[in-house]
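Position 1 is the first residue of the sequence; numbering continues from there.
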Amino acid sequence: MTELTYSEWRVATLAAGGHTNRAIAKRLHITVSTVEQHLTRVYRKLGVRRRADLIGHEALV
């Protein structure tokens with residue numbers, strides 16, 4: 001498994017916590033598009049298919 005970057009980890013942790021892409025973007029001062037790009041890479045790296053699969057994932061603990 002490829003390690004997440006710090007930015008990917010921050011976005012994934014907030015997504016797993018139930019935040020919307022828009023809320024994540026606002027909180028991290030990045031665009032919604034950047035959030036989507038980070039999540040796409042996170043899903044690929046962690047081998048998950050959806051946001052709900054991030055909850056409790058060992059890479060985010």
S.K.: Considering residues at least two apart in sequence or located in another chain, which fulfil the side chain to side chain contact (heavy atoms under 4.5 Å, CB included) criterion with T40?
M.R.: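 Residues passing side chain to side chain contact (heavy atoms under 4.5 Å, CB included) with T40: R44.
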S.K.: Enter the distance from T31:OG1 to K26:NZ here, rounded to the nearest 0.5 Å.
M.R.: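 The distance works out to 15.0 Å.
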S.K.: If I take atom CG from residue L14 and atom CG from residue L54, how far apart are they, to the nearest 0.5 angstrom?
M.R.: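 The CG atom of L14 sits 11.0 Å away from the CG atom of L54.
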S.K.: Going by the rule side chain to side chain donor-acceptor pair (under 3.5 Å), which residues pair with R51 if we only count those two or more places apart in sequence or in a different chain?
M.R.: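 Counting only residues at least two positions away or on another chain, R51 forms a side chain to side chain donor-acceptor pair (under 3.5 Å) with N21.
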S.K.: Can you name the residues that form a side chain to side chain donor-acceptor pair (under 3.5 Å) with E36, not counting sequence neighbours?
M.R.: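 E36 satisfies side chain to side chain donor-acceptor pair (under 3.5 Å) with no other residue.
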S.K.: Please list, chain by chain and in numerical order, all residues satisfying side chain to side chain donor-acceptor pair (under 3.5 Å) with S7, sequence neighbours excluded.
M.R.: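 Result, side chain to side chain donor-acceptor pair (under 3.5 Å) vs S7: none returned.
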S.K.: Please report the interatomic distance CG(L46) to CG(D53), rounded to the nearest 0.5 Å.
M.R.: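 Going from the CG atom of L46 to the CG atom of D53 covers 10.0 Å.
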S.K.: With salt bridge (charged side-chain N to carboxylate O under 4.0 Å, His left out) as the rule and sequence neighbours excluded, what pairs involving residues 4-18 come up?
M.R.: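 Residue pairs with at least one partner in residues 4-18: E8-R41, E8-K45.
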S.K.: According to side chain to side chain donor-acceptor pair (under 3.5 Å), who are the partners of T20, at least two apart in sequence or on a separate chain?
M.R.: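 Here no residue qualifies.
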S.K.: Tell me, with the steps shown, if L4 and L60 meet side chain to side chain contact (heavy atoms under 4.5 Å, CB included).
M.R.: CA-CA 9 Å; L4 299 179; L60 304 180; 3.9 Å; yes
S.K.: With rounding to the nearest 0.5 angstrom, report the OG1 to CG distance, T34 to L39.
M.R.: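 The distance works out to 11.0 Å.
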S.K.: Group every Ile, Leu, Val, Met, Phe, Trp and Tyr by side-chain heavy-atom contacts under 4.5 Å, then state whether Y43 and Y6 land in the same group.
M.R.: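 Yes, Y43 connects to Y6 through the hydrophobic network.
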S.K.: Looking only at heavy atoms, which two atoms of A12 and V42 are closest? And how far apart?
M.R.: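 Shortest heavy-atom contact: CB-CG1, 3.8 Å.
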S.K.: Within the 4.5 Å heavy-atom criterion, are I30 and V11 side-chain neighbours or not?
M.R.: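 When only atoms from C-beta onward are counted, V11 and I30 do touch, with a gap below 4.5 Å.
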